[in-house]
Amino acid sequence: MGKPQFQSPRGTADILPGAQAHWRYFEAAASKAAARFGYERIDTPTFEDARLYVRGVGAFTDIVEKETYTFQDRGGDRFTLRPEGTAGVCRAYLQHGMSNLPQPVRLFYFNNLFRYERPQAGRFREHHQLGVEVIGDSDAAIDAEVIELAWRLLEDLDVGGLTLLVNSIGDPACRPAYVGKLREYYSRAEDEICRDCRRRLERNPLRLLDCKEKQCQPLIAGAPAGADHLCGLCLEHWEMLLGFLEALGLPFTVDKRLVRGFDYYTRTVFEIVPPTGGRMSTICGGGRYDGLIEELGGRPTPGIGFGMGVERILQELRLPDAGRAGRRPSPKVVVVHAGADVRGECMRLAAGLRADGVAALLAPSGRSLKSQLRYASAVHATHAAILGADEVARGSASLRDMAKSGQREVSRDALAAALAAWASA
RNA sequence: GUGAGCGUGGCCUAGUGGUUAAGGCGCCAGGUUGUGGCCCUGGAGAUCGAGGGUUCGAAUCCCUUCGCUCACCCCA
């Protein structure tokens with residue numbers, strides 16, 4: 001055989017039945033936390049007009065520039081598989097006139113995201129995020145709320161040892177001046193920095209602070225910090241946020257070199273990182289994007305949100321024991337046929353059980369009784385319902401309790417009731 | 001895009017130049033008459049990722065290629 005002819009595309013993964021419980025556990029916890037904060041779920045399309053992601057000159061990031069899956073459909077239109085969730089939600093906000101709803105609008109979603117990157121630990125070409133967005137309120141209290149939501153969810157999930165990093169990167173009023181200072185600072189030392197940083201100096205100066213090269217570290221340490229060069233309004237916002245975070249008792253750390261990959265972010269940026277791995281394995285990243293809605297053609301509207309990487313969370317999670325004792329599982333019946341001629345009756349029996357809300361499946365046909373029972377225990381059935389000519393004649397079934405190895409003949413009308421009694425015993 | 005490591009049946013692994021590639025898990029069957037989980041026996045399943053080369057002879061050495069993994073980069 002060798003390698004199978006087809007494999008899942010590079011950087012993608014199947015979520016197999018055995019992992020589903022973990023995913024659903026996260027989704028349930030996230031949905032509950034979001035609901036507790038008054039957020040409503042939204043789902044947007046997997047692909048969007050390519051132009052949604054390649055806005056405004058100078059606003060190009062690496063991701064939209066070269067990490068995007070873009071294609072032309074048969075009608076000649078260009079679409080992009082969403083590389084992030086915010087733009088689609090903002091598009092929906094505008095398209096459906098959500099500015100006429102009570103503001104702010106609080107939304108959350110589970111998305112699969114696509115980026116053409118080289119796969120690596122914790123990095124995939126298709127990955128999943130919990131996304132949260134609040135649109136229509138610029139108050140720092142909302143920033144605090146969004147950060148709190150992320151943090152409380154992580155608490156609920158009992159992910160230990162996390163660090164919450166926050167920073168402010170200013171807004172169009174103060175950032176240019178700050179970036180100018182940063183450029184000036186760096187240009188004096190241009191020959192001391194790495195090649196990437198020389199490029200960043202030109203195209204994306206804020207990212208200079210994010211460089212991991214050893215040679216750049218001394219320079220970063222002495223670099224002017226954005227949070228120290230905020231304009232009056234940004235400074236006020238920033239100080240209010242810090243006050244709110246303290247009031248909430250969130251253990252935040254100000255990280256003045258924290259920046260964002262997307263350019264529409266303003267003011268608040270934050271990130272939650274696990275104990276090991278540092279920023280490269282960020283579990284949750286977000287920030288304010290007061291310029292985005294306007295960039296998409298709407299009236300100036302503030303927004304803030306975060307993305308939480310499901311794969312990365314799951315890796316950090318100590319998952320609750322699936323086999324915790326105590327609670328009795330709901331009944332699961334395997335219908336076993338003794339003789340090929342009763343298979344039709346077996347089907348009717350299974351159908352009847354399902355109609356009564358009981359999980360029922362047929363044992364593989366054409367196997368010996370022994371083999372069918374072996375199957376029943378292999379799939380963790382709680383019961384086997386055995387049907388042979390005798391039972392059919394009497395309108396009954398032999399109901400076997402797999403755990404107890406005992407069985408008794410039960411009239412077919414009484415089966416569901418017997419199983420219900422077993423479940424509540 | 002750059003660099004490194006690895007590729008043996010569904011999964012894990014043995015085998016580092018020499019007869020029909022070995023074992024464990026899993027799967028299927030049987031262990032007498034309509035009965036599971038343990039145990040026993042048997043069976044199916046691999047041209048050793050692919051292609052080429054060296055050699056009398058290669059899963060084992062060399063080259064190429066594909067794939068996977070890790071790191072850089074970037075991010076969730």
Side-chain angles (χ1 to χ4, degrees), chain A residues 1-13 16 18 61-67 83-86 110-132 150 194-197 199-200 204 207 210-214 258-262 271-274 277-286 305-316 334 336-340 342 363-364 366-391 398-407 409:
Chain A
M1 246 191 196
K3 276 282 176 288
Q5 191 176 1
F6 295 113
Q7 281 178 273
S8 57
R10 171 167 237 203
T12 69
L16 297 173
T61 68
D62 280 347
I63 286 181
V64 301
E65 212 171 67
K66 55 180 192 191
E67 295 187 1
E84 50 96 11
T86 304
F110 298 101
N111 270 175
N112 51 345
L113 270 28
F114 305 87
R115 296 178 194 172
Y116 187 82
E117 304 177 273
R118 205 70 178 270
Q120 203 181 303
R123 194 178 74 184
F124 315 96
R125 288 187 171 179
E126 179 185 22
H127 80 280
H128 299 75
Q129 278 186 21
L130 159 71
V132 161
C194 69
R195 253 199 22 235
D196 285 333
C197 277
R199 200 194 55 188
R200 292 187 182 110
N204 204 348
R207 288 229 146 271
D210 211 20
C211 185
K212 279 103 189 164
E213 284 296 324
K214 203 172 288 169
L258 184 62
V259 292
R260 290 278 88 202
F262 295 110
E271 219 161 276
I272 299 175
V273 299
R279 251 150 275 85
M280 71 188 173
S281 51
T282 294
I283 264 179
C284 175
F306 68 75
M308 200 179 273
V310 182
E311 284 86 352
R312 289 186 183 178
I313 291 269
L314 259 26
Q315 197 159 18
E316 294 295 322
V334 167
V336 171
H337 61 277
V342 297
R367 294 197 189 171
S368 66
L369 198 64
K370 175 194 199 113
S371 168
Q372 293 182 67
L373 283 164
R374 222 184 284 219
Y375 174 80
S377 41
V379 300
H380 304 113
T382 61
H383 296 80
I386 303 163
L387 225 52
D390 298 349
E391 285 89 348
S398 294
L399 186 64
R400 181 176 184 80
D401 183 322
M402 297 304 284
K404 282 197 200 147
S405 312
Q407 73 187 52
E409 199 167 336

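Order of the sequence lines sets the chain letters (A, B, ...), proteins ahead of strands, with each chain counted from 1.
- In this structure, A:His127 and A:Glu311 have side chains that are in contact, with non-hydrogen atoms separated by less than 4.5 Å.
- Side-chain proximity of A:His127 to the nucleotides B:C70, B:A76, B:U35 is greatest for B:A76.
- Between the CG atom of A:Leu369 and the P atom of B:U35 there is a distance of 6 Å, given to the nearest Å.
- With distances taken from any side-chain atom of A:Arg118 to the nucleotides B:C75, B:C28, B:G1, the minimum falls on B:G1.
- Checking B:A71, B:G37, B:C75 against the side-chain heavy atoms of A:Ala121 singles out B:A71 as nearest.
- Remark: B:A14 base-pairs with no nucleotide in the shown strands. Criterion, Watson-Crick or G-U wobble with two distances under 3.5 Å.
- Each of A:Pro119 and A:Gly285 was assigned the nucleotide of RNA chain B with the nearest heavy atom; the assignment lying further toward the 5' end belongs to A:Pro119.
- Annotation: of the two residues near RNA chain B, A:Arg10 and A:Ile386, the 5′-most nearest-nucleotide partner is A:Ile386.
- OP1 or OP2 of B:A29 lies within a sub-4.0 Å distance of a side-chain N or O belonging to A:Ser371.
- Distances shorter than 4.0 Å separate some side-chain N or O of A:Ser368 from OP1 or OP2 on B:G30.
- Comparing B:A76, B:G30, B:U35 by their closest approach to the side chain of A:Phe124 singles out B:A76.
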Just do the side chain to side chain contact (heavy atoms under 4.5 Å, CB included) check on A:Glu316 and A:Ile283 with the steps written out, would you?
-> CA-CA 9 Å; A:Glu316 294 295 322; A:Ile283 264 179; 3.5 Å; yes
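- Look at the P atom in both B:G42 and B:G24: the space between them is 11 Å, to the nearest Å.
- In terms of modelled atom types and a separation under 3.5 Å, the side chain of A:Arg115 and the main chain of A:Glu67 share no donor-acceptor contact.
- Inspection of the A:Glu271 and A:Thr282 side chains reveals an N or O donor paired with an N or O acceptor under 3.5 Å.
- Atom P of nucleotide B:C73 and atom CZ of A:Arg115 are separated by 17 Å, given to the nearest angstrom.
- Distances shown here put every side-chain N or O of A:Gln407 at or beyond 4.0 Å from the OP1 or OP2 atom of B:U35.
- Between A:Gln315 atom CD and B:C70 atom P there is a gap of 9 Å when expressed in whole angstrom units.
- The A:Arg374 side chain lies nearest to B:G31 when the options are B:G31, B:A76, B:G34.
- Look at CZ on A:Phe110: it is 14 Å from C1' on B:A76, rounded to the nearest Å.
- What separates CD of A:Glu409 from P of B:G34 is a distance of 16 Å, to the nearest Å.
- At a cut-off of 3.5 angstrom, counting only N and O atoms as typed in the model, there is a donor on one side and an acceptor on the other between the side-chain of A:Ser405 and the base of B:G37.
- Taking atom CZ on A:Arg123 and atom C1' on B:C68, their separation rounds to 15 Å, with Å as the unit.
- Neither OP1 nor OP2 of B:C70 sits under 4.0 Å from any side-chain N or O of A:Gln120.
- A:Arg367 places its CZ atom 14 Å from the C1' atom of B:G30, with the value rounded to the nearest Å.
- Within a 6.0 Å sphere centred on CZ of A:Phe110, other residues, nucleotides and ligands contribute more than 12 heavy atoms.
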